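Working notes, structure below.
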Amino acid sequence: MGRDGGSRQDVSLGTSSAGAASPGGRNGLASPIPDLFYRVKMNVGVAHSEVNPNTRVMNSRGMWLTYALGVGMLHIVLLSIPFFSVPVAWTLTNVIHNLGMYVFLHAVKGTPFETPDQGKARLLTHWEQLDYGVQFTSSRKFFTISPIILYFLTSFYTKYDPTHFILNTASLLTVLIPKLPQLHGVRIFGINKY
């Protein structure tokens with residue numbers, strides 16, 4: 001018993017000396033949930049709560065729309081260049097998109113953030129870090145299907161011209177093959193090993 005006749009409370013857990021949840025709750029208001037549920041492990045010195053933000057960035061709100069709008073803007077810019085024909089603009093859109101996807105998802109390793117994971121993410125590409133390495137998640141499916149859809153659109157608008165078709169197929173394979181689950185963490189011929 002305290003001086004005011006009330007029970008003594010443990011400030012760190014928000015529980016009374018009897019071990020029950022404090023009637024005052026987190027902010028001094030009545031709450032049916034004990035303060036223990038409000039305690040969250042925090043990463044001190046970082047501006048995010050994820051151990052590795054690379055794992056969830058592709059699932060963040062509006063990311064897929066931003067990605068699609070970026071590809072659309074690239075295509076519009078290429079179409080606005082007067083000496084590019086429509087087939088050339090589509091092929092360039094596809095090749096630039098796939099080159100960017102390969103570099104940012106399959107070639108660059110590590111994270112731009114300081115992560116408390118003991119350097120585990122340092123040796124993984126962004127694709128391997130995505131969704132903590134779980135295969136066939138919605139974001140992995142989206143980023144696998146989007147170059148295929150772009151490839152079909154490009155093939156249609158180039159009227160299946162053999163030169164464009166070979167270039168676009170080679171470009172598509174460079175981004176689809178590294179996405180295969182069998183190649184997760186595999187470095188062919190030691191390329192990008194370190």
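These figures come from a predicted structure and were not determined experimentally.
Note that OH of Y160 is 8.0 Å distant from CZ of F165, once rounded to the nearest 0.5 Å. With rounding to the nearest 0.5 angstrom, the CE atom of M58 is 9.5 Å from the CZ atom of F142. T66 contributes atom OG1, which lies 12.0 Å from atom CZ of R61 (distance to the nearest 0.5 angstrom). Atom CG of residue L173 and atom CG of residue N168 lie 11.0 Å apart, to the nearest 0.5 angstrom. Residue I76 holds its CD1 atom at 9.0 Å from CG of L69, rounded to the nearest 0.5 Å. L92 contributes atom CG, which lies 11.5 Å from atom CG of L99 (distance to the nearest 0.5 angstrom).
Sparse packing is recorded around OH of Y157, with 12 or fewer heavy atoms of other residues, nucleotides or ligands lying under 6.0 Å away.
Both W64 and L130 belong to a common hydrophobic cluster when Ile, Leu, Val, Met, Phe, Trp and Tyr are linked at side-chain heavy-atom distances under 4.5 angstrom. F83 and L79 fall into different hydrophobic clusters, where Ile, Leu, Val, Met, Phe, Trp and Tyr are joined by side-chain heavy atoms under 4.5 Å apart, directly or via other members. In terms of hydrophobic clustering, with Ile, Leu, Val, Met, Phe, Trp and Tyr side chains grouped at heavy-atom distances under 4.5 Å, L150 and V77 are assigned to different clusters. Under the 4.5 Å side-chain heavy-atom criterion for Ile, Leu, Val, Met, Phe, Trp and Tyr, L176 and V103 are members of distinct hydrophobic clusters. V88 and V71 fall into different hydrophobic clusters, defined by Ile, Leu, Val, Met, Phe, Trp and Tyr side-chain heavy atoms under 4.5 Å apart, directly or through other members.
Qualifying ring-ring contact (aromatic ring centres under 6.0 Å, His included) partners for F152, counting only residues two or more places apart in sequence or in other chains: none. For I145, the side chain to side chain contact (heavy atoms under 4.5 Å, CB included) test picks out I149, with sequence neighbours left out.
When all heavy atoms are compared, the tightest approach of F84 to L78 is CD1-O, 3.5 Å. Looking at every heavy atom in both residues, P147 comes nearest to N98 through CB-OD1, 3.7 Å. Here the shortest heavy-atom pairing between E128 and V186 reads OE2-N, 4.4 Å. Nearest heavy-atom pair across T93 and H75 is OG1-ND1, 2.9 Å. In plain terms, the two heavy atoms of L124 and Q129 that are nearest each other are O-NE2, 3.0 Å. Contact detail for Y67 and S146: the closest heavy-atom pair is OH-OG, 3.0 Å.
Between the side chain of N94 and the main chain of W90, no donor-acceptor pair closer than 3.5 Å is present. Within the 3.5 Å criterion, the main-chain N or O of Y102 finds no donor-acceptor partner in the side chain of W127. No donor-acceptor pair under 3.5 Å is formed between the side chain of R140 and the backbone N or O of K179. For T169 (side chain) and I166 (main-chain N/O), no donor-acceptor pair under 3.5 Å exists by modelled atom type.
Here H97 and Y151 keep their ring centres 6.0 angstrom or further from each other.
Taking the side chain as every heavy atom from C-beta outward, P178 and L183 never approach each other to under 4.5 Å. Looking at heavy atoms from C-beta onward, S139 lies in side-chain contact with D131 at the 4.5 angstrom threshold. At a threshold of 4.5 Å between non-hydrogen side-chain atoms, the residues V108 and T125 do not count as touching.
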For H126 and F143, what are the C-alpha separation, side-chain angles and deciding distance, and is it a ring pair (Phe, Tyr, Trp, His ring centres under 6.0 Å)? CA-CA 12 Å; H126 190 102; F143 287 106; 8.7 Å; no
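Side-chain contact annotation: H164 with T91, donor-acceptor N/O pair under 3.5 Å present.
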